[in-house]
Amino acid sequence: MTDAKLKAPRGTFDVLAEDACARSAIEQRARAVLGSAGYERIETPAFESTELFARGVGESTDIVRKEMFTFEDAGGRSLTLRPEGTAPVCRAYVEHGMHKRRQPVKLWYLSSFFRHERAQAGRYRQFWQVGAEALGSDDPAVDAESIALLWTLLDELEVREVRLRLSSLGSLGARAAYRERLQAHLRAHSDELSGEVRSRIELNPLRAFDSEHPGTRAVMAHAPRLLDELDSEDAEHFAQVRALLDAAGVTYEVDPTLVRGLDYYTRTVFEFTSDALGAQSGVGGGGRYDGLVQELGGPPTPGMGWAAGIERLMLAGTPPPAAPEAVELFVALDGSERNLQAAAFTLLSEARSAGLSAQMDLGGRSLKGQLGHASALGARFIATVGAEGVLLRDVQSREESQLPADAVVHAVLRGHHAL
RNA sequence: GUGGGCGUAGCUCAGCUGGUAGAGCUCCUGGUUGUGGUCCAGGCGGUCGUGGGUUCGAGCCCCAUCGCUCACCCCA
């Protein structure tokens, strides 16, 4: 390491050439899949009022309790780099009066998010998510469509070994009542639980379902299950979602122990995992959040959405073939005189005005070096500007012709279209 | 926050029982070549993560520290 003082901060990374291609390929797919379903692009600020996340995501979540990048601005306002995308989108929905539009309002984003966690494979402090949110309808068809769209996107990105788990958390009221019953069950068996789970009974009892601890698993095996206790409306809603997914050919497994890390979820929740990933096996997930918009000060508005991690999609998906930018014309200099460079520069801008992709040497290389460079770029034509005029070479056919400078672009265009 | 693994050139890595730093790739120059792709030669590039210690002598041994990475946890 030369002078390793300045490095990207822990958990962050630079996106370089090949990765940049893979990322834009993912973005193009997302735009195609979501755009054709009527989702509109939205971008929200990289930071928001801290209160938005405290209220929206939930005070009891790990995200709010210990993972937010929070700072004060010069005016003493508490701001936070967005740790997730749903609360900001809901804030924008309220702020811009989108409840006056035709419902549901369907929005998608691809943005970076920030969480102060220890980085590992597929988990970073600044990471990117593609997400989709549908606000303003509690129709089960919204849930099914949303899930099916992520299903399609994962399929198009050729994400390997995908599994979809699905469940329902019921309405907020039912969920709160259930939570108390589950806590009662856990407390009754607290001496059989792992210390970890025991200490989280009050804060996040649903987590107990995820434990690997044998004693805890035994206790959870006969714990009450939320899915068995849905009220008739919620049960009917869930049944409809399932029926529609079946109709769309989306395969899933119902997992009553599926829990999500954010407080705002109600009714439908789901998660896509890939066994091709390491410990961070979730590629994307989401669910319904019928209380969130109101929680943020808006009118009672149901919502449904998901997010998928770009870095995880890249790990579990099939990277698109790297297609370097084609170079149609490379302009080389045979000599170092100023007027040659000027002539080459004129030719270069003429070529670009004509719509050709064109490059010239910017590194003061020898002629041999320039030709090597042109070759490495895969240039289709090479124009060598010399004192005698311009020598245009068709790299594929190896034909060469000596031309006046102002005839070069025309010749390239003609040769190009002849292909 | 807690563990395991790893830090030698821009990249991938050698470096013996401690003797004072190397290869390949990339990049640049020259030669060869149908003006490039092959081949040949040369060159640029490292206070061996950092700081101590042991030793006549440390890339190698010891201690500390920082960084990267994987996992716990959590989630996308």
Side-chain angles (χ1 to χ4, degrees), chain A residues 1-13 16 57 61-67 82-86 109-132 150 154 159 194 196-197 199-200 203-204 207 210-213 258-262 270-274 277-287 305-316 330 332-334 361 363-386 390-400 402:
Chain A
M1 304 294 129
T2 350
D3 190 358
K5 279 176 198 154
L6 290 176
K7 306 174 70 171
R10 171 174 286 178
T12 69
F13 50 88
L16 270 28
V57 177
T61 61
D62 276 16
I63 291 176
V64 171
R65 290 174 62 232
K66 49 187 191 187
E67 294 176 1
R82 58 186 172 195
E84 62 99 50
T86 302
Y109 56 82
L110 194 159
S111 326
S112 61
F113 298 92
F114 307 85
R115 293 184 198 172
H116 192 118
E117 299 183 274
R118 283 289 287 266
Q120 68 187 68
R123 188 174 77 183
Y124 303 94
R125 289 187 174 182
Q126 180 180 7
F127 57 99
W128 275 257
Q129 287 186 337
V130 55
L150 181 51
L154 297 179
V159 175
S194 71
E196 190 87 39
V197 169
S199 67
R200 298 182 67 90
L203 212 50
N204 196 350
R207 280 284 150 212
D210 282 348
S211 176
E212 304 284 336
H213 178 257
L258 178 63
V259 293
R260 309 242 80 232
L262 297 95
F270 69 98
E271 182 168 68
F272 285 91
T273 57
S274 167
L277 291 174
Q280 305 300 323
S281 62
V283 292
W306 49 258
I310 300 297
E311 292 75 30
R312 295 184 189 177
L313 290 173
M314 294 203 301
L315 284 173
F330 188 91
L333 293 177
D334 187 7
D361 177 58
R365 266 177 277 265
S366 67
L367 182 57
K368 173 183 168 133
Q370 294 178 66
L371 295 170
H373 186 204
S375 172
L377 292 171
R380 177 73 176 78
F381 289 88
I382 299 173
T384 304
V385 179
V390 177
L391 181 67
L392 182 65
R393 178 180 171 89
D394 180 329
V395 174
Q396 282 176 14
S397 70
R398 290 177 170 171
E399 282 169 28
E400 292 179 347
Q402 191 75 38

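Quick caveat, the model's predicted, so the values are computed rather than measured. Throughout, a chain's letter reflects where its sequence line sits, starting with A, and its residues are numbered from 1. Because only heavy atoms are used, hydrogens play no part in the values below, and waters and symmetry mates are left out as well, while side chains stay in.
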Shortest non-hydrogen contact between [X] and [Y], atoms and distance:
X	Y	value
A:Phe381	A:Leu392	CB-CD1, 4.1 Å
A:Leu150	A:Gly285	CD2-N, 4.4 Å
A:Leu313	A:Ala308	CD1-CB, 4.3 Å
A:Ala332	A:Leu367	CB-CD1, 4.1 Å

Rounding to an integer number of Å, can you tell me how far [X] [atom1] sits from [N] [atom2]?
X	N	atom1	atom2	value
A:Gln280	B:rA71	CD	P	7 Å
A:Phe272	B:rA76	CZ	C1'	13 Å
A:Glu67	B:rA76	CD	P	10 Å
A:Gln396	B:rG36	CD	C1'	14 Å
A:Leu371	B:rG36	CG	P	7 Å
A:Arg380	B:rG37	CZ	P	19 Å
A:Arg10	B:rC70	CZ	C1'	13 Å
A:Phe13	B:rG67	CZ	C1'	18 Å

Subject >> Nearest to side-chain heavy atoms of A:Arg393, which nucleotide of B:rC74, B:rG34, B:rA71 >> reply: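 Of all the options, the side chain of A:Arg393 is nearest to B:rG34.
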Original post:
Which nucleotide, B:rG36, B:rA76, B:rA71, lies nearest any side-chain atom of A:Arg398?
Top reply: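 In terms of side-chain proximity for A:Arg398, the closest of B:rG36, B:rA76, B:rA71 is B:rG36.
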Considering only the [atom1] atoms, how many Å lie between [N] and [M], rounded to the nearest integer?
N	M	atom1	answer
B:rG51	B:rG7	C1'	16 Å
B:rU69	B:rG49	C1'	15 Å
B:rU17	B:rC13	P	22 Å
B:rA23	B:rG57	C1'	26 Å
B:rA9	B:rG59	P	14 Å
B:rG31	B:rC6	P	48 Å
B:rC60	B:rC48	C1'	10 Å
B:rG15	B:rU20	C1'	13 Å

If you look at every strand shown and take non-hydrogen atoms under 4.0 Å, does [X] touch a base, only sugar-phosphate, or nothing?
X	result
A:Ala374	nothing
A:Arg118	base
A:Val395	base
A:Phe330	nothing
A:Gly122	base

[N]: pairing nucleotide in any strand, Watson-Crick or G-U under 3.5 angstrom:
N	result
B:rG3	B:rC70
B:rG45	none
B:rC60	none
B:rA23	B:rU12

Side-chain donor/acceptor contact of [X] with base of [N] under 3.5 Å:
X	N	result
A:Arg65	B:rC74	no
A:Ser375	B:rG36	yes
A:Gln120	B:rC73	yes

Name the pairs: protein N/O against N/O of nucleotides 29-31 of chain B, kept only if under 3.5 Å.
residue: B:rU29; atom: OP1; partner: A:Ser366; partner atom: N; Å: 2.6
residue: B:rU29; atom: OP1; partner: A:Ser366; partner atom: OG; Å: 3.3
residue: B:rG30; atom: OP2; partner: A:Ser366; partner atom: OG; Å: 3.2
residue: B:rG31; atom: O6; partner: A:Lys368; partner atom: NZ; Å: 2.7

Flag side-chain contact, heavy atom, 4.5 Å: [X] against [Y]:
X	Y	value
A:Ile382	A:Leu371	yes
A:Phe330	A:His373	yes
A:Arg123	A:Glu311	no

Subject >> A:Ala376 or A:Ile310, whichever maps to the more 5' nucleotide of RNA chain B >> reply: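 Between the two, 5'-proximity favours A:Ala376.
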**OP:** Please tell me which of A:Gly372 and A:Gly278 maps to the more 5' nucleotide of RNA chain B, matching each residue to the nucleotide holding its nearest heavy atom.
**Re:**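 Taking each residue's closest nucleotide, the earlier one in sequence belongs to A:Gly372.
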Original post:
Does the ring of A:Phe113 meet both stacking tests against the six-membered base ring of B:rA76: centre distance under 5.5 Å and plane angle under 30°?
Top reply: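 Aromatic stack with B:rA76 absent for A:Phe113.
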Original post:
Taking atom types as modelled, is there a side-chain donor on A:Thr12 or A:Gln126 under 3.5 Å from an acceptor on the other?
Top reply: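 There is no such pair between these side chains.
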**OP:** Measure the acute angle between the ring planes of A:Phe13 and A:Trp128, then classify it against the limits of 30° and 60° as parallel, tilted or perpendicular.
**Re:**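 If you compare the ring of A:Phe13 with that of A:Trp128, the planes turn out tilted.
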Original post:
Any donor and acceptor pair, going by atom type alone, linking the side chain of A:Arg365 with main-chain N or O of A:Gln370 inside 3.5 Å?
Top reply: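 A pair under 3.5 Å: no.
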